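One structure is given below, encoded as structure tokens.
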Amino acid sequence: RKEVEQDPGPFNVPEGATVAFNCTYSNSASQSFFWYRQDCRKEPKLLMSVYSSGNEDGRFTAQLNRASQYISLLIRDSKLSDSATYLCVVGRSNSGYALNFGKGTSLLVTP
Amino acid sequence: GAGVSQSPSNKVTEKGKDVELRCDPISGHTALYWYRQSLGQGLEFLIYFQGNSAPDKSGLPSDRFSAERTGGSVSTLTIQRTQQEDSAVYLCASSLGLEKLFFGSGTQLSVL
């Protein structure tokens with residue numbers, strides 16, 4: 001089983017829609033969780049960290065479910081500029097290599 | 001500069017040749033990562049440097065790959081006897097720890 005798994009999509013949604021992505025991870029010792037965004041032919045950039053209590057940043061809401069070992073990203077009121085690939089990133093302990101990237105979920109927001 | 005700098009941005013080489021890819025991390029960042037990404041694929045971890053600790057080389061795909069980080073700053077990824085399957089975008093990232101990674105724009109390697 002891969003350490004971080006995501007539905008590759010693509011998710012095609014109209015502008016203004018709400019869309020949610022899930023990501024599952026296999027290592028129960030994982031301690032840190034992030035969503036990164038990658039535009040076509042560009043480098044990944046941090047979108048938001050994911051905290052145990054859940055967190056919101058504008059139209060974006062991230063949640064963590066440790067019991068089921070998944071994290072989610074909810075995007076409300078989708079914009080055309082939200083079209084990108086969303087990468088789920090999970091970190092193990094602070095010693096040694098820590099960050100595993102999922103393969104990403106592709107989102108296309110259409111007019 | 002303020003960001004992670006990688007060079008060259010593009011590299012075309014012939015099968016069997018050696019290549020060196022360079023990464024200049026953000027000043028003060030103690031952690032440095034190398035990843036590679038093939039077309040349409042996810043990021044594949046290669047190697048991780050954290051301060052003066054021994055690097056985590058668990059992601060290097062073969063002994064043709066090596067990397068070093070001199071003086072805790074600049075890093076060089078070397079691929080010996082390149083093969084066509086080595087063609088990918090090689091991304092470097094730096095961070096202050098287990099938190100936000102700042103990526104460079106990558107080196108597109110094409111092995112003919």
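None of these values were measured; they are calculated from a predicted model. Reminder, nothing fancy here: chain letters follow the sequence lines and each chain counts from 1.
A donor-acceptor pair under 3.5 Å is formed between the side chain of A:Trp35 and the backbone N or O of A:Ser72.
Around atom CD of A:Gln63, no more than 12 heavy atoms belonging to other residues, nucleotides or ligands sit under 6.0 Å away. The environment of B:Glu85 atom CD is dense: over 12 non-hydrogen atoms of other residues, nucleotides or ligands sit within 6.0 angstrom.
Side-chain contact between A:Phe60 and A:Asp82 is present, with heavy atoms from C-beta onward closer than 4.5 Å. A heavy-atom distance below 4.5 Å is found between the side chains of A:Glu15 and A:Leu80. In this structure, A:Pro8 and A:Ser106 have side chains that are not in contact, with every pair of non-hydrogen atoms separated by 4.5 Å or more.
By the 30° and 60° cut-offs, the orientation of the rings of A:Tyr86 relative to A:Phe21 is tilted.
Residues of residues 103-112 of chain B that come within less than 4.5 angstrom of chain A, heavy atom to heavy atom, are B:Phe103, B:Gly104, B:Ser105 in numerical order. Heavy-atom proximity under 4.5 angstrom to chain B picks out A:Tyr36, A:Gln38, A:Glu43, A:Pro44, A:Leu46 from residues 36-47 of chain A.
Within the structure, the side-chain hydrogen bond (donor to acceptor under 3.5 Å, both in side chains) test picks out the following pairs touching residues 59-69 of chain B (sequence neighbours left out): B:Arg64-B:Asp86.
Annotation: ring-ring contact (aromatic ring centres under 6.0 Å, His included) contacts of B:Tyr90 (sequence neighbours excluded): none.
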